[in-house]
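Quick notes on the structure that follows.
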Number of protein chains: 2
Amino acid sequence: MLKLTRKVEYSLIALRHMQNAGHEAVCSARVIAERYGIPYDLLAKILQLLARESIITAVQGPKGGYRINARLGDISLIDFFELIEGPVGISDCNLDEDCDRDSICNIRKPITRINNNIRSVFSNITLDDVTL
Amino acid sequence: MLKLTRKVEYSLIALRHMQNAGHEAVCSARVIAERYGIPYDLLAKILQLLARESIITAVQGPKGGYRINARLGDISLIDFFELIEGPVGISDCNLDEDCDRDSICNIRKPITRINNNIRSVFSNITLDDVTL
DNA sequence: AATAAATACGATATATTTAGTCGTAGTTAG
DNA sequence: CTAACTACGACTAAATATATCGTATTTATT
């Protein structure tokens with residue numbers, strides 16, 4: 001319960017690695033995967049996603065790889081999470097899906113309130129706070 | 001990602017229902033299940049768990065059911081979650097399991113920090129805040 | 001005493017989500 | 001032209017969460 005996914009964890013690990021390597025350095029998926037014991041195929045797919053979202057830039061061909069593109073200090077964790085995983089909420093009723101129990105639910109309000117608290121925590125942390 | 005389990009949600013719904021019913025009232029699992037569209041078998045098991053943990057008291061026999069026992073204002077959400085689901089953390093490395101990547105992980109510290117933030121949110125909310 | 005309405009609880013089954021793998025194609029430095 | 005990369009969809013496997021079932025016990029009511 002309340003856990004981040006591996007996709008998010010691996011993303012953060014990779015971003016921090018790239019940041020440590022310097023903004024010009026090009027890091028390949030293979031190197032990062034081996035360095036941190038992450039399944040290569042999975043990491044590759046994740047980095048492709050981050051590239052599509054312009055957080056990193058892909059460099060193709062041999063000696064290729066990725067380097068950081070976005071300013072990580074400008075991206076909040078909640079935005080990052082939702083970029084990778086889609087809408088985030090502690091309960092389905094916080095994810096614009098409409099709930100069957102909607103009309104009779106007796107904890108909707110407090111759950112929404114708590115959800116906002118959690119989102120606020122992640123809104124006030126940027127990627128730099130994790131990767132720097 | 002970051003979602004509560006149904007077990008937790010159903011618990012909160014049931015507790016709020018019981019609180020609304022008054023502290024002396026005895027509420028049966030069947031009635032609560034039907035009222036909120038919760039699978040009876042599942043709710044029954046959850047209420048048994050809450051009873052074992054002395055949060056509610058079971059009354060056996062016909063006309064039996066449960067009533068609130070603990071002072072809900074004294075129980076933080078984080079304690080409640082861990083009572084029901086066991087250790088809670090946003091990542092495995094926050095759950096005393098030892099992680100293979102431990103020695104090479106580059107995001108352990110920030111993840112721990114964030115985990116503490118989240119726990120702090122749930123520590124500062126009591127069951128009364130949800131059920132009252 | 002019999003019955004019916006409850007709780008008690010472990011075992012099992014189902015569904016959903018997450019994680020990981022595979023195959024194939026495109027790109028480019030050397 | 002080949003080897004080392006990225007790109008991406010389809011697929012499989014594993015983990016987790018959710019739900020169901022079977023059986024036993026308790027007790028108010030009749």
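None of the values given here were measured: they were computed from a predicted structure.
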### Query
Would you say dC9(C) has OP1 or OP2 under 4.0 Å from some side-chain N or O of R52(B)?
yes

### Distance, rounded to the nearest Å, where Y66(B) contributes OH and dA5(C) contributes P
17 Å

#### Entry: Start and end of the DNA chain D segment that chain A contacts, any atom under 4.0 Å from a heavy atom
dA3(D) to dA17(D)

### Query
Is the backbone of I90(B) close enough, under 3.5 Å, to the side chain of N115(B) for a donor and an acceptor to pair up by distance?
yes

### Message
Can you pull out every side-chain hydrogen bond (donor to acceptor under 3.5 Å, both in side chains) where at least one residue sits in residues 53-64 of chain A? Sequence neighbours excluded, please.
### Response
none

### Message
Quick one: does any side-chain atom of E85(B) pair with a main-chain N or O of T5(B) as donor and acceptor, under 3.5 Å?
### Response
no

### Query
Within the structure shown, what part of the strands sits under 4.0 Å from Y10(A) by heavy-atom distance: base, sugar-phosphate, or nothing?
sugar-phosphate

#### Entry: Heavy-atom pair of closest approach, residues T131(B) and Q19(B)
OG1-OE1, 2.6 Å

### Query
Does any non-hydrogen side-chain atom of F80(A) lie less than 4.5 Å from one of I55(A)?
yes

#### Entry: Any side-chain donor near an acceptor of the partner, S76(B) and D79(B), under 3.5 Å
yes

Dump every N/O contact between nucleotides 27-30 of chain C and the protein below 3.5 Å, one line per pair.
| residue | atom | partner | partner atom | Å |
| --- | --- | --- | --- | --- |
| dT27(C) | O4' | Q60(A) | OE1 | 2.8 |
| dT27(C) | O3' | Q60(A) | OE1 | 3.4 |

### Query
What integer distance in Å separates L42(B):CG from dT12(C):P?
19 Å

### Task
Measure across Y40(B) and R30(B) and return the closest heavy-atom pair with its distance rounded to 0.1 Å.
CD2-NH2, 3.3 Å

### Task
Specify the residue among G65(A) and K45(A) whose closest nucleotide of DNA chain D lies further upstream toward the 5′ end.
G65(A)

### Message
Using a 4.0 Å heavy-atom cut-off, does A44(B) contact any base of the nucleic acid, only the sugar-phosphate backbone, or nothing at all?
### Response
nothing

### Query
Please give, in whole Å, the distance from dA13(C) P to D41(B) CG?
15 Å

### Task
Calculate the interatomic distance between K3(A) atom NZ and dT17(C) atom C1'; express it in whole Å.
13 Å

#### Entry: Rounded distance (Å) that lies between atom C1' of dA6(C) and atom CG of L47(B)
12 Å

#### Entry: Interatomic distance where CD belongs to Q48(A) and P belongs to dA25(C) [whole Å]
16 Å

### Message
Keeping R67(A) on the side-chain end and V26(A) on the backbone end, is there a donor-acceptor pair under 3.5 Å?
### Response
no

### Query
What are the two closest heavy atoms between I56(B) and I68(B), and how far apart are they?
CG2-CA, 4.1 Å

### Task
Rounded to the nearest angstrom, tell me the gap between atom CZ in R30(A) and atom C1' in dT21(C).
13 Å

